[in-house]
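Each chain gets a letter, A, B and so on, in the order the sequences are listed, and its residues count up from 1.
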There are 4 protein chains.
Amino acid sequence: MAKKNKRYETSSKILKAATQVFSEVGFAGARVDEIAQRAGVNKATIYYNTGDKKTLYARVLQKISGEMYAHPSENIEKVLTPVGQLKAYVRNIANVIDRNPALPNIILWEHASGGKNFPEEASIEIAKMIEMLINILKEGEKQDIFIKTSPILIQFMIMGSFMLYKTSNPIRKMHTAFPREVKKSESNLSGTIADEIEKYILKAVKKEN
Amino acid sequence: MAKKNKRYETSSKILKAATQVFSEVGFAGARVDEIAQRAGVNKATIYYNTGDKKTLYARVLQKISGEMYAHPSENIEKVLTPVGQLKAYVRNIANVIDRNPALPNIILWEHASGGKNFPEEASIEIAKMIEMLINILKEGEKQDIFIKTSPILIQFMIMGSFMLYKTSNPIRKMHTAFPREVKKSESNLSGTIADEIEKYILKAVKKEN
Amino acid sequence: MAKKNKRYETSSKILKAATQVFSEVGFAGARVDEIAQRAGVNKATIYYNTGDKKTLYARVLQKISGEMYAHPSENIEKVLTPVGQLKAYVRNIANVIDRNPALPNIILWEHASGGKNFPEEASIEIAKMIEMLINILKEGEKQDIFIKTSPILIQFMIMGSFMLYKTSNPIRKMHTAFPREVKKSESNLSGTIADEIEKYILKAVKKEN
Amino acid sequence: MAKKNKRYETSSKILKAATQVFSEVGFAGARVDEIAQRAGVNKATIYYNTGDKKTLYARVLQKISGEMYAHPSENIEKVLTPVGQLKAYVRNIANVIDRNPALPNIILWEHASGGKNFPEEASIEIAKMIEMLINILKEGEKQDIFIKTSPILIQFMIMGSFMLYKTSNPIRKMHTAFPREVKKSESNLSGTIADEIEKYILKAVKKEN
DNA sequence: GATGAATGAGCGTTCATTCAT
DNA sequence: TATGAATGAACGCTCATTCAT
């Protein structure tokens, strides 16, 4: 709306390009030159505008984790039952990932590298998110409809399956060895994939009667 | 003992060091100097003995995937019921990961990078493994004890949770934000962790009656 | 006076230093470090400004052959008789070599290496030059004042004597074995040396009557 | 004849291979590995048998110059007239070059590099050779059949034309720009080429009457 | 006499970063 | 605000040389 200043525009272009590049090749593999080129700015502009490579990466991480862990909370409180809340939780994650294609790669880069660059702010967001899951699962237990579970493992099952699915796309297509059922893939999670994972997670967690 | 081939011994030292370094920092982040130092050999020896950085990485990938996807089959055929087989399948994966600490990181690096360096041989091994899972799940369906599932997603749930668990260890410990339940961790999967995942996967897959 | 383009100035310094170094030790013997040092720039500047070692060498070759084969034509067309033209031809070559001390060495490096790096553009220039000589000799034949000759061999006699003379300078001085008459040398061709060669070439080519 | 010892055989193979390689790419461009491979021996054998790269190159130079400057004298003394002697001189050089294909390249490498590695022994041989030419030319002058000439320049005309001819072969064939008359070439000097050069040199030197 | 294995020194090249404008 | 030019510090790799056998 209001005409933003030029600096901000440049900053946005840089951040967008950096997100792309870092997600494709990771921190060590990323070239500042490449980021500058994709952003359509001079390499020195990155240093002038944002700072060094590490700072730039930190900004990317921060933005990513902000998006990751802020939105999911949106629709959950409106839902009343733990089952509905857990469904919403899974679905929100799928939505966020679909809206941020760079996210799974970056999270995996960070996991692989042992989180060396993971900013404290980002882990606060994650913590809030997990707390949300903990509450949902606890409430389910209290109502005697969920079994006792380890929230962190449930979290990893959800995130892990989504992220491996997303990032395995090129691998599955590249190699001829895989069975046919494995090679077909959908680019979005929010359709069939999220449906399935939601189903598995719920079954895994629900008490049989 | 028998005097071993000198070249082979050197090669082993190099491969071991390379596996470590690549798993810690990935291909782009790895320094040949560092690998040489950890192997206790001169940098040039790596080139004399094994070849360039890419070749070395390929060898690491090959060894890793060999170990990953060969062993799990071991105990499965002895088990008769699909439930037993699925349990063995999950447990075997946990065992392999425990025995090869570099494995989760390297797999994640590869996923994150879109499998640019993934050797065809490795994907053959993975394919065999997934085929195994497909058969188990099919048999379960046929016997009407498993629901219809997407094997690749089940696979990703198992692998994803194990690998994220393993690699999240330093992150979880590093950051203060996480709830207490999340911070405690066991270094091996084969104990409680595998038990839990096994339970969730089975519940996710089994038909309720 | 007018403020020159900075990049161009750097480029010139690099090209000059490169010409020197390549002429002294050839392509394989040249060290990029040495070129950078003589040019008074950082080694990386060479890559930023010009490109890799091969590209740099190509530029040197191109400039050398440009100078070699452009100027000789200058004064020849003004001269009317074949004898005068041939004299001018020889003299022009001597002048060019005198003005470009790196030239003989570089041509010899290229000859010795089988012209592996010789750029097509350079050979076009040489070809034009030889064509000039062919025309002079043909005209002389037609006027019945020159014998029938092989132009390429005449060319090699001229170039060969000039270039060996120039490059033998350090050798002749270094070694004590040579007869006195051989050791004295003039640094420029354009004086006595060119006079002599001109005389020999003309005698070799002219028809006796 | 007598069965030579093994060391000598190895030494010969090495020297032959080294001569080839040095003539093709010069001292700086030569790789000890390549020489070893062509000689069919282990790289370490070169050091054991002959010494380091410089020593090996010196041996090659020595052998080359020995061959170059010893043989030409053979037939000259039998010839009585200066004209006949000069013809023999030119022809002998052509023969030696034909018999030693590595010779022109190596001489050119040495000239180009300013004779940095030229051994004193070699220059003694050259000196003897030039002295021979000096005597022939002096005798011709005394008999009033040759004009007064600069022997070193005559020497360079002969050597220069032969060597440029030989080494220009690949260049002339490689590039399309050259006129047809220039592209055809004979691999041996001793035929037409030597005839022509001999004719030019004699005409250049002989007194007209 | 000969060699497979290993290495130190150095080379061409890249890359994150800074400087002058 | 932005950039073209320049650079220091590495990095992957090569190569002449040595060592143990």
Side-chain angles (χ1 to χ4, degrees), chain A residues 5-11 14 27-36 40-49 51-56, chain B residues 3 5-11 14 28-36 39-49 51-56, chain C residues 3 5-11 14 28-36 39-49 51-56, chain D residues 5-11 14 27-36 39-49 51-57:
Chain A
N5 62 13
K6 246 187 159 184
R7 171 152 207 156
Y8 177 77
E9 273 175 37
T10 303
S11 184
I14 291 172
F27 180 77
R31 301 290 159 243
V32 178
D33 271 300
E34 174 73 14
I35 294 172
V41 303
N42 184 280
K43 190 168 36 160
T45 305
I46 291 179
Y47 288 85
Y48 172 72
N49 182 289
D52 67 8
K53 196 183 171 188
K54 260 189 151 165
T55 309
L56 183 53
Chain B
K3 211 184 29 164
N5 183 338
K6 211 173 178 196
R7 175 152 204 160
Y8 177 77
E9 271 175 38
T10 303
S11 183
I14 292 172
R31 299 296 156 234
V32 178
D33 272 300
E34 174 72 14
I35 295 173
V41 301
N42 185 281
K43 190 171 35 161
T45 304
I46 291 180
Y47 291 87
Y48 173 72
N49 185 285
D52 66 8
K53 195 184 172 189
K54 258 189 150 168
T55 308
L56 183 53
Chain C
K3 217 192 7 167
N5 183 338
K6 211 173 176 194
R7 175 153 203 160
Y8 177 77
E9 271 175 39
T10 303
S11 183
I14 292 171
R31 298 295 155 237
V32 178
D33 272 300
E34 173 72 16
I35 295 173
V41 301
N42 185 282
K43 191 168 38 159
T45 305
I46 291 179
Y47 290 85
Y48 172 72
N49 185 286
D52 66 8
K53 195 184 171 188
K54 258 189 151 169
T55 308
L56 184 53
Chain D
N5 61 13
K6 246 186 160 184
R7 172 152 206 158
Y8 177 77
E9 272 174 38
T10 302
S11 184
I14 292 172
F27 179 78
R31 301 289 160 247
V32 178
D33 271 300
E34 174 73 15
I35 294 172
V41 302
N42 185 280
K43 190 168 37 160
T45 305
I46 291 180
Y47 288 85
Y48 171 72
N49 183 289
D52 67 8
K53 196 184 171 187
K54 260 190 153 167
T55 309
L56 184 53
Y57 187 60

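Contact between the side-chain N/O atoms of A/Thr10 and the OP1/OP2 oxygens of F/dA2 is found at a separation under 4.0 Å.
Spacing between atom CG of B/Leu56 and atom P of F/dC11 amounts to 16 Å, rounded to whole angstrom units. C/Ile14 has its CD1 atom 11 Å from the C1' atom of F/dA5, to the nearest Å. As a whole-Å value, the separation of B/Arg7 CZ from E/dA5 P is 5 Å. One can place CG of C/Asn5 at 12 Å from P of F/dG4, the figure rounded to the nearest angstrom. Rounded to whole Å, the distance from OH on C/Tyr48 to P on F/dG4 is 7 Å. Rounded to whole Å, atom C1' of F/dC13 lies 15 Å from atom CG of B/Asn49.
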Exercise for the section: Going 5' to 3' through nucleotides 14-19 of chain E, assign each nucleotide B (protein heavy atom under 4.0 Å from a base atom), S (under 4.0 Å only from sugar-phosphate atoms) or - (no protein heavy atom that close). Expected result: BBBBBB

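For D/Ser11, the side-chain hydrogen bond (donor to acceptor under 3.5 Å, both in side chains) test picks out D/Arg59, with sequence neighbours left out. Taking the side-chain hydrogen bond (donor to acceptor under 3.5 Å, both in side chains) definition, one finds that D/Asn42 meets it with nothing, sequence neighbours left out. Scanning for side-chain hydrogen bond (donor to acceptor under 3.5 Å, both in side chains) contacts around B/Tyr47 gives an empty result, with sequence neighbours left out. With sequence neighbours excluded, no residue forms a salt bridge (Lys or Arg N to Asp or Glu O under 4.0 Å) with D/Asp52. Residues satisfying the side-chain hydrogen bond (donor to acceptor under 3.5 Å, both in side chains) criterion with D/Lys53, sequence neighbours excluded, are absent altogether.
Residues D/Thr45 and D/Ile14 share a closest heavy-atom pair of O-CD1, 4.3 Å. Listed here is the closest heavy atom pair of C/Ile46 and C/Ile35: CD1-CG2, 3.9 Å.
If you find the closest nucleotide of DNA chain F to C/Ile46 and to A/Val41, the one lying nearer the 5' end belongs to A/Val41.
Comparing atom distances between the C/Lys6 side chain and each of E/dA6, F/dA5, F/dA2 picks out F/dA5 as nearest.
From D/Arg31, atom CZ reaches atom NZ of D/Lys43 across 11.0 Å, with rounding to the nearest 0.5 Å.
Between the side chain of B/Asn49 and the main chain of B/Arg7, a donor-acceptor pair closer than 3.5 Å is present.
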Handout entry: Under the 3.5 Å Watson-Crick or G-U criterion, the dot-bracket string of DNA chain F, with | for inter-strand pairs
Key = .||||||||||||||||||||

